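Heads up: the structure comes next, in structure tokens.
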Amino acid sequence: MRKLWAGRTSGATDKTADDFQSSISFDARMYRQDLTGSMAHAAMLAATGIISADEAKTITLGLEGILADLENGALTPDPAAEDIHMFVEEVLTERIGTVGKKLHTARSRNDQVTLDLKLYLRDTLGGIREQLRALLGTLSDLGEEYAATIMPGYTHLQRAQPVTFGHHLMAYAMMFLRDDSRLSDCLARMDESPIGCCALAGTTFPTDRQLEAQILSFSRVTKNSLDGVSDRDYCLEALSCLSLIMMHLSRLSEELVLWSSWEFGFVTLSDAYTTGSSIMPQKKNSDMAELIRGKCGRVYGDLMALLTTMKGLPLAYNKDMQEDKESIFDALDTVVNCLSVMTPMLATMTVHEATMHRAAETGFINATDLADYLTACGMPFRDAYRAVGELVRTCIAEGKTLTDLPLEKYREVSPLFEEDLYDAITLEACVDRRTSEGGTSPASVLSQVAYVREKIGQTTGNEK
Ligand code: ARG
């Protein structure tokens, strides 16, 4: 078949070369966006008198028919077509005749492809934002439920100070909240219609780009046609946002893997989200969490791939840019899949509060509070720090915890110690007293939960 773009050329392209340059195997997924864009284009061409109202009507009906047939499976994208844009135009012209050839007036595939991709991202990122909200809802529910559940807080993966499990989970909620706001920023910046930039220089036809943008629900149009067709910043920005989401999911996954190990025993993941071993009957592996952690790498890879593709391209469109879609689609699919596993995996895990508490009882994680006690009695903090260090050394030598150590031993180090020191260093006291804004006290955790729920437009917890 003669190519739609066979203007100057007369010889056929090599079959291998044809397959090599075809993008329909992956860009067919943008068919809805392509048809939506074409319908808007036909409407604009008619509104400006570039084509007649009758012609626009015939084109629109044809496009609607193609959309319906693609949706119900009566029509499938032809793998021999070059891309989804060519495929739609070819089918349209086959179905409605010569008038179909008028649709491509005052546009080019260069502005068409970037329009489709923006529309596709807008739809899919909107879905990811919904998924993030669901995850934030689950984290808030868990944050509320475990607002007073004590666990060791770590730095350097060494027991550091007691925190609550609710506080730990709400830390992730803050990350995902930022991810959501980053997506919102990214969507706001990409909210510019590129259609009408045409091949690179604009057009001689009296088009109305504002009208076409309006039909497609864009707030603005791109201001420079060379930039409009060659810009992929919005893809890179989206990939950066997706990379950060994956990094957060990966860190959380790592914690789930650790927490569900025998060594920690803080949580048990539901059987629905674990696997067994083909040889070791006792095994329950946290494969889903591990896979989420593993898939983070491919999304970073998608970002690096497109950054590298773009770095040396002269203006305006270059075929290299066809590589944008596989990176984008892979990253979007990965994030969608990971979020759809993470949220129910968290919602269904069993939390072992007693084990968490036991872990917090050893490791001298109340030592800071003991130093604070001395400081409150008037000793400068640095001296208090040293005194408590000495007490910890004594405890280690005698196989005791700070709670078991008798008052005489305390007094040998400082006469400021009184019997009430023991109340000051219970894990509950350590946690309850950290009421500073954003701190780990149950009251503070509950206000973090309220903050997140307000941000996601949810006033109370989900019904269980
Ligand atoms: N399939 C192409 C892409 O994804 C569409 C744009 C082609 N434009 C061109 N001038 N060859 O980038």
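Residues take their numbers from the sequence shown, with the count starting at 1. It should be emphasised that the depicted structure is a prediction, and the values quoted were computed from it without experimental measurement. We count ligands from 1, going down the list as the structure has it; atoms in each ligand are counted the same way.
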Any protein N or O within less than 3.5 Å of an N or O in ligand 1? List each pair with its distance, or say none.
from: ligand 1; atom 1: 1 (N); to: Ser23; atom 2: OG; distance (Å): 3.1
from: ligand 1; atom 1: 1 (N); to: Asp83; atom 2: OD2; distance (Å): 2.9
from: ligand 1; atom 1: 1 (N); to: Gln322; atom 2: OE1; distance (Å): 2.8
from: ligand 1; atom 1: 4 (O); to: Lys325; atom 2: NZ; distance (Å): 2.7
from: ligand 1; atom 1: 8 (N); to: Asn110; atom 2: OD1; distance (Å): 3.0
from: ligand 1; atom 1: 10 (N); to: Asn110; atom 2: OD1; distance (Å): 3.0
from: ligand 1; atom 1: 12 (O); to: Tyr317; atom 2: OH; distance (Å): 2.5

- Query: Glu192 and salt bridge (charged side-chain N to carboxylate O under 4.0 Å, His left out): which partner among Arg122, Arg220, Arg209?
  - Reply: Arg220
- Would you say the side chains of Thr362 and Arg159 form a donor-acceptor pair under 3.5 Å? yes
- Determine whether the side chains of Glu323 and Thr309 contain a donor N or O and an acceptor N or O closer than 3.5 Å. no
- Message: For a quick check under 3.5 Å, do Ser240 and Arg182 share a side-chain donor-acceptor pair by atom type?
- Response: no
- Is the distance between the ring centroids of Tyr120 and Phe329 less than 6.0 Å? yes
- Task: Mind telling me whether Phe266 and Phe264 have parallel, tilted or perpendicular rings, with 30° and 60° as the class edges?
- Result: perpendicular
